[in-house]
Participant: 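The structure follows.
Since we're looking at a predicted model, the values are computed, not measured.
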Amino acid sequence: MATLKPSPSPASVPQAPKVGLRWGIILLLLLGAVVNYLDRSNLSIANTTIAAEFGLSSTQMGLLLSAFLWPYALANLPAGWLVDKFGPKKMFTWASGLWSVATILSAFTNTYSLLYAMRMLLGVSESPFFTSGLKVTERWFAKSERGLPTSIINTGSQIANAIAPPLLTVLMLTMTWRGMFIFVGVIGLIIMLIWLKVYRDPTFAEKQLIKGPVAAAEQSTDMEKEKTADAPKANWGSLFKHKSTWFMIIGNFGIMFTIWVYLTWLPSYLEKEQGFTLKETGWIASIPFVAGIIGVLLGGLISDFFIRKGVNAVTSRKVPIVGGAILAAASVAPIPFIDSTVVSIVLLSVGYFASQLPSGVIWTLAADIAPGEQVASLGAIQNFGGFLGAALAPVVTGYILDTTGSFNNVFLLGAGLLLLGALSYGVFLKNPIPKPTH
């Protein structure tokens, strides 16, 4: 008499690999990046309105615009280590929830100091986002294909920058600047809930399909170590012992300074120097940022192209980073000497396009330079350097405006720092960092 074998329970049946899920995760991170940057951009869009309501000078507004940036830069240091330790699911959930709450609370402030404090909280809470995205691409993609997904995530910031001027201007004109802040904060909470439901790390079968059996086994070993409470941890401070880390900090500093001049002062430049109305500025300011979307994606495609042609990963990442920084410098340097509004906007657009060629690739470069267990940490340290430059940008710009009454020296300074970034990445950054011994 034949014996019947019990049917396996659904829980015991191995799940078929769902490699396609990774692109859904990238799409969700893209949406997260859009909201992340809308939270940053809202103050720039409301710059003149809030300055008038609170009675602020250009220097005071510059300090307020940088209130997000200093805490963000400093918080990047522990944020990268925290993502390496706790993983992207937990860190993105906490980060997106906290930054959304900070944005909503900003709408209820009635003093300069309270608004300043909320911008500081926003900076701290947003710091784990891009390191979480870097960790996701490191886990879900092979080295030869990481450039595109990393660039897609970073494209979210450019999409936000492109839609922020028209979208947030309309919201501000219909809902006041306070209503605009609340609207964006609520969208962030929705993204958090979706992420909590959708994200998971790849299974071992999925890792094998993506990276091959050897690399999959190595990654699984690293991830198990990360989950073991008593396992020795790589000290992120040890990364500062390597020259490569410092050249990445300096290089990103030079590039990010000019990017954040765009992000914080472009609407004011168009209103004060080019004579556009608030409504006109909302649309014209989006033109450079649309060009930036193309720049981010093209940078990732260029670097992956060279890798597929057999060029080593570090050199392949350098091509769009260095080339983009040089082209950006060549575009913004002539602006002080141009009288045509149309030509100025064209140069601004080319400059921002070029400055965004490195954006996604810079993050991918961190995954190529760092050992697997320190990827997010090195990415965060590099981002720290970038946001030191970003934090100085609005303050220095405000000071230059108060002392000279013109943006001319701002553009010349930005061009010089872009060339410094190109030099640091192109000439001095050479070798990957060896895996630490515990």
Side-chain angles (χ1 to χ4, degrees), residues 8-36 80 82-97 128-157 159-160 187-227 293 296-297 300-301 303-304 307-308 360-361 363-364 366-368 372-373 375-376 379:
S9 64
S12 66
V13 178
Q15 294 294 310
K18 297 180 180 178
V19 176
L21 173 64
R22 61 186 184 162
W23 289 108
I25 293 170
I26 295 300
L27 177 59
L28 186 55
L29 284 168
L30 171 63
L31 294 175
V34 171
V35 176
N36 180 286
L82 289 169
V83 171
D84 279 330
K85 179 177 177 63
F86 295 108
K89 180 163 188 170
K90 289 181 180 179
M91 290 307 299
F92 178 79
T93 300
W94 281 103
S96 56
F129 174 73
F130 284 103
T131 47
S132 295
L134 178 63
K135 198 70 173 179
V136 168
T137 58
E138 189 266 335
R139 288 183 175 179
W140 278 95
F141 291 86
K143 180 175 290 191
S144 61
E145 56 183 4
R146 284 180 201 152
L148 180 58
T150 306
S151 292
I152 289 174
I153 295 171
N154 281 270
T155 301
S157 62
I159 293 173
I187 298 298
L189 292 175
I190 294 172
I191 294 292
M192 178 200 72
L193 294 174
I194 297 173
W195 174 263
L196 195 57
K197 177 71 175 176
V198 170
Y199 182 78
R200 63 170 175 79
D201 288 327
T203 64
F204 183 71
E206 288 166 340
K207 294 173 198 170
Q208 287 184 307
L209 286 174
I210 294 167
K211 301 184 177 183
V214 175
E218 290 177 352
Q219 185 185 39
S220 293
T221 300
D222 288 342
M223 289 176 64
E224 286 303 316
K225 287 180 179 178
E226 289 173 10
K227 295 176 182 177
I293 295 173
V296 176
L297 290 173
L301 290 171
S303 68
D304 284 353
I307 287 179
R308 287 194 295 271
V361 186
W363 283 99
T364 315
D368 298 323
E373 63 192 274
V375 164

Participant: What distance separates M91 CE from S96 OG, expressed to the nearest 0.5 Å?
Facilitator: 10.5 Å
Participant: How long is the span from the CZ atom in R200 to the CH2 atom in W140, to the nearest 0.5 Å?
Facilitator: 4.5 Å
Participant: Taking atom CZ of R139 and atom CG of D201, what is their separation to the nearest 0.5 Å?
Facilitator: 4.5 Å
Participant: Please report the interatomic distance CD1(I293) to OG(S157), rounded to the nearest 0.5 Å.
Facilitator: 9.0 Å
Participant: How would you list, by chain and number, every residue that makes a side chain to side chain donor-acceptor pair (under 3.5 Å) with S303, sequence neighbours excluded?
Facilitator: R317
Participant: Under 4.5 Å between any side-chain heavy atoms of L31 and W195, yes or no?
Facilitator: no
Participant: Do F86 and D84 come close enough that some side-chain heavy atom pair is under 4.5 Å?
Facilitator: no
Participant: What are the two closest non-hydrogen atoms of G156 and A33, and how far apart are they?
Facilitator: CA-CB, 3.8 Å
Participant: Please find the pair of heavy atoms, one from I187 and one from V35, that lie closest to each other, and give the distance.
Facilitator: CG2-CG2, 3.6 Å
Participant: Looking at every heavy atom in both S132 and F92, which two are closest together, and how far apart are they?
Facilitator: OG-N, 4.0 Å
Participant: Find the distance between OG1 (T150) and CH2 (W363) and round it off to the nearest 0.5 Å.
Facilitator: 10.0 Å
Participant: Considering all heavy atoms of both residues, which atom of T137 and which atom of I153 are nearest to each other, and what is their separation?
Facilitator: CG2-CD1, 3.9 Å
Participant: Where is the tightest heavy-atom contact between A366 and L134, given as atom of each residue plus distance?
Facilitator: CB-CD2, 4.2 Å
Participant: Would you give the length of the straight line joining atom CG of L30 to atom CD1 of I25, rounded to the nearest 0.5 angstrom?
Facilitator: 13.5 Å
Participant: For atom NZ of K89, decide whether the heavy atoms of other residues, nucleotides or ligands shown that lie under 6.0 angstrom number more than 12.
Facilitator: yes
Participant: In the structure I gave you, are the side-chain heavy atoms of F141 and I26 within less than 4.5 Å of one another anywhere?
Facilitator: yes
Participant: Please report the shortest heavy-atom distance between P202 and E206, naming the atom on each side.
Facilitator: CA-OE1, 3.3 Å
